[in-house]
Every structure is written in structure tokens, then in C-alpha cells.
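Here is the structure we will look at.
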Amino acid sequence: MGKKVILSGIQATGDLTLGNYVGALKNFVKMQEEFDCYYMIANLHALTVRRDPKELKNNTLKILASYIAAGIDPDKSTVFLQSQVHEHAELGWVLDCYTYMGELSRMTQFKDKSAKHADNINAGLFTYPSLMAGDILLYQANLVPTGEDQKQHVELTRDIAERFNKLYGDTFKIPEPYIPKVGARIMGLQDPTSKMSKSSTIPNDTILLVDTPEDIMKKVKKAVTDSEGIVKYDEKNKPGISNLMEIYGIITNKKMDEIEKEFQGSGYGTFKTAVAEAIINELEPFHKKYNELMDNPKYLEEIYDEGAKKASQVASKTLKDVYEKIGIIR
Ligand code: TYM
């Protein structure tokens, strides 16, 4: 029995948030010890929103540097750019033809993003989940580690794969979403009813991995809480405090009831300082490594070129099989 295969990715859209780190990246790092991991930078996916070309290139490198700085080891995991493995675009198109408009219209992310970018509801935004299905299925992934917001896309991937397998015989492994129990949906610090997002325009709502310790302290101190003054996990009635508890819990490996005990009798000020310090300590080695990597683009290039070679070997096999089955001459 070989190792289970893991595939996941992050869009090449700017600096990563604490949400990306807790919901996804931290698990990517853990999983590489046990599994055969493929981690891509989804730069083709980033095109669904207008991007400045220079910025997109730089953002691609930033995500790669973040992967490595967070602890992904390119000798253990295959780290690559989606655009360097042309099979993604090809299988994405094929799967477009096996995905229904009705399915795509039900995707929450499509609905949210079309509301946000009402002037640019392009076809790519709509068919985005088929491209993502292609990413996953090319590697015959068993597990897809993501935050809660991507679960619906992984479930659609399963449906598409099952549909294809039924028509043409076993072709794709059916992947499972792998969503952490705690931290799968980190909320904004100013609006704890919406997820923390790179694209948030509310000041102090989002912690970025590249934020300075001073910024992190300031943002956490300003986080919206409630007037009860008790550190207690209650997502419904105390979303702000519960969110900070989740962040603290993930970083310190403590359960919610342990955190409640730890801060029994202390006010929110003490709790917030502890949360901010935990984040700052966690990100300190990340910052150092990230800055070194961003100063060394040659090294980053070596990593993605090598990763693309390894990824292509697997992806090309799957696409060959698909093309043969559906009657496409290469
Ligand atoms: P993206 O780039 O929006 O987010 C990257 C990862 O971070 C998780 N995440 C969060 N987790 C917890 N709390 C939050 N506030 C939070 N915000 C984001 C996301 O769930 C995700 O795991 N479509 C994907 C990228 C992608 C992909 C794939 C993922 C492309 N192809 C194949 C898995 C497999 C996306 O836009 O993620």
C-alpha cells in the first residue's frame, strides 16, 4: 500500500491571512510527514478577478515563499505552480463539459464573488469549480485539506468524478475533504460574522502573515468582542471571543475548555494580549524565513521548476487516460 495522496492549493492573490494559515497551511505542513503531498499555487484561478500582471507574478512568488516559510519542505512535498502544468487547464476544460450549470450556480463562492464583483461576473468565475476539480483529480488525491469555505467545491469534485467514472469506468479516485475541527473558518476581527478574507476592506479586520508584531498586537487589541467580560466559547452569542479562542487554541494546541479555565476571572484585555503574543511567537520564524526567501527569487524558481517536473509526471498520466477514454487524439 502506497501513501495516501494529498492535493491542495491557495490562490495567488496577495498576502496570506491568519485564516489561510490556520485553516489550510498549518495542516499542509503537518500532513507532509505522513502523506504524498502536492501543494500548488493556484495562479490560473486568480484570473477570475482582474489583476495587475506584475502583481500577479509577485503574488505567485509570495505564496510560494509563504509555503516554504511555514514549513513545507520541497524535498518532501511537491510544490508547484498550476500554470506550469498545462494538464490543469486541459482537464479543467474537459470537466467543464461534465459539470452542470445548475451545480455551478449553487456554489456559495460564486454567489458571494459575483455580488462583490458585480461589474465582472465572468465565465471563469462561474466554471472555477471545474478547474479546481481538475486540480484535485489529476493527482488521484485521497484527501484535500482546506478550510470550511472550500468544502462545497470538494463535494462537487466528488460528484463530477463519480459521474465520469460511471460513464467511462474507473478513472478518478474519489477525494475526501479534510477540514480541521477547529480553525476551519476563522472570522474577521472587526466583523466576526464574516470569514477573515484577503479581500476584506474593513481596517483591522484581517491579520496578514506578513504583519509586524506591533500591527498584530494592535489588531487583536481592537478586535470586536462583547460586553460580558467572560472568556467562554459560544459561537452564536459571543462570535468575537469564540473566534479569538479558536485562533489561540490552534496555535497553543489547547482545547476550548482549557482556555476557558486559563482565563477564568481575567478580563478581555489580558486574554487579547495572550492571543496576540501567541500569534506573534508563532509567526516570528515565519517572518524571518519569508523575508530571506523573497530576497532569493532564484531559489524560488528552482523549487517551482523542480516541482512542475514532478507534478507533470503524475498529471500527464491521468490526462492521457482521460483523453483515451473520451476519444481525444493527442
Ligand atoms: P483560497 O486561496 O481562497 O484559500 C486558501 C485556503 O485557505 C482557507 N481559508 C480559510 N480557512 C479558515 N478560515 C478562513 N477565514 C479562511 N480563508 C481561507 C481556504 O479554505 C483554503 O483552504 N479554490 C481555492 C484554491 C484551490 C484549491 C484547489 C484548493 C484551487 N485549486 C484544489 C484545494 C484543492 C481557494 O480559492 O482557496
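Indexing begins at 1, ligand by ligand and atom by atom, following the structure's order.
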With hydrophobic residues grouped by side-chain heavy-atom distances under 4.5 Å, do Val275 and Val22 end up in a single group?
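Same cluster: Val275 reaches Val22 through Ile, Leu, Val, Met, Phe, Trp or Tyr contacts under 4.5 Å.
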Check whether Val182 and Ile207 end up in the same hydrophobic cluster, where Ile, Leu, Val, Met, Phe, Trp and Tyr are linked by side-chain heavy atoms less than 4.5 Å apart.
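They do share one cluster, since a chain of ILVMFWY contacts under 4.5 Å joins Val182 to Ile207.
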Before accepting this row, confirm whether a basic side-chain N of the pair Glu292/Lys288 lies closer than 4.0 Å to the acidic partner's carboxylate O.
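Yes, this pair counts.
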Ion pair Lys309/Glu306, N-O distance below 4.0 Å
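Result for this pair is yes, salt bridge flagged.
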Can you confirm whether the side chains of [X] and [Y] place a donor and an acceptor under 3.5 Å from each other?
X: Glu87; Y: Tyr139; answer: no
X: Tyr268; Y: Asp226; answer: yes
X: Lys325; Y: Thr171; answer: yes

Closer than 4.0 Å to some heavy atom of [X] - which atoms of ligand 1 meet that?
X: His45; result: 30 (C), 31 (N)
X: Gly23; result: 11 (N), 12 (C)
X: Ile136; result: 32 (C), 34 (C)
X: Gly183; result: 12 (C)
X: Val144; result: 33 (C), 34 (C)
X: Ile10; result: 2 (O), 5 (C)
X: Lys198; result: 2 (O)
X: Asp149; result: 19 (C), 20 (O)

Answer yes or no: does an N/O atom from [X] fall short of 3.5 Å to an N/O atom of ligand 1?
X: Leu7; result: no
X: Lys195; result: no
X: Gln11; result: yes
X: Gln109; result: no
X: Pro145; result: no
X: Ala42; result: no

[X], portion touching ligand 1 at heavy-atom distance under 4.0 Å:
X: Asp135; result: side chain
X: Met187; result: neither
X: Ser197; result: neither

Can you name the closest pair of heavy atoms from Val5 and Gln140 and give their distance?
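Closest pair (atom of Val5, atom of Gln140, distance): CB-O, 3.9 Å.
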Heavy-atom pair with the smallest gap, counting every atom of Asp211 and Asp215:
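Minimum heavy-atom separation between Asp211 and Asp215: CB-CB, 4.1 Å.
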Among all protein heavy atoms, pick out the one at the shortest distance from [atom]; state its residue, atom name and that distance to 0.1 Å.
atom: atom 10 (C) of ligand 1; answer: Gly19 O, 3.4 Å
atom: atom 6 (C) of ligand 1; answer: Ala24 CB, 3.6 Å
atom: atom 13 (N) of ligand 1; answer: Ile186 N, 2.8 Å
atom: atom 33 (C) of ligand 1; answer: Ser8 OG, 3.4 Å
atom: atom 3 (O) of ligand 1; answer: Gln150 NE2, 4.3 Å

Suppose the criterion is side chain to side chain donor-acceptor pair (under 3.5 Å): which pairs have a residue in residues 173-187, not counting sequence neighbours?
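Listed once each, the pairs would be none.
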Residue pair Tyr323, Glu90: steps toward the side chain to side chain donor-acceptor pair (under 3.5 Å) verdict:
CA-CA 10 Å; Tyr323 276 175; Glu90 290 184 61; 2.7 Å; yes
Counting heavy atoms only, name the option from [options] that's nearest to [atom].
atom: atom 35 (C) of ligand 1; options: Tyr128, Tyr38, Tyr139; result: Tyr128
atom: atom 27 (C) of ligand 1; options: Ala133, Gly9, Ala141; result: Gly9
atom: atom 9 (N) of ligand 1; options: Asn20, Leu138, Thr17, Ile247; result: Asn20

Full working for salt bridge (Lys or Arg N to Asp or Glu O under 4.0 Å) between Lys254 and Glu260
CA-CA 10 Å; Lys254 288 180 186 160; Glu260 284 172 4; over 6 Å; no
I need the single residue from Glu246, Lys255, Lys238 that forms a side chain to side chain donor-acceptor pair (under 3.5 Å) with Tyr233. Which is it?
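The residue from Glu246, Lys255, Lys238 that satisfies side chain to side chain donor-acceptor pair (under 3.5 Å) with Tyr233 turns out to be Glu246.
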Would Glu148 and Lys195 count as a salt bridge (Lys or Arg N to Asp or Glu O under 4.0 Å) if you check the C-alpha gap in whole Å, the side-chain angles of each, and the deciding distance to 0.1 Å?
CA-CA 10 Å; Glu148 181 66 38; Lys195 81 167 184 184; over 6 Å; no
For ligand 1, is there an atom lying under 4.0 Å from some heavy atom of Met40?
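Per 4.0 Å heavy-atom rule, Met40 contacts ligand 1.
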Hey, is the main chain of Leu293 close enough, under 3.5 Å, to the side chain of Tyr299 for a donor-acceptor pair?
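Answer holds: no.
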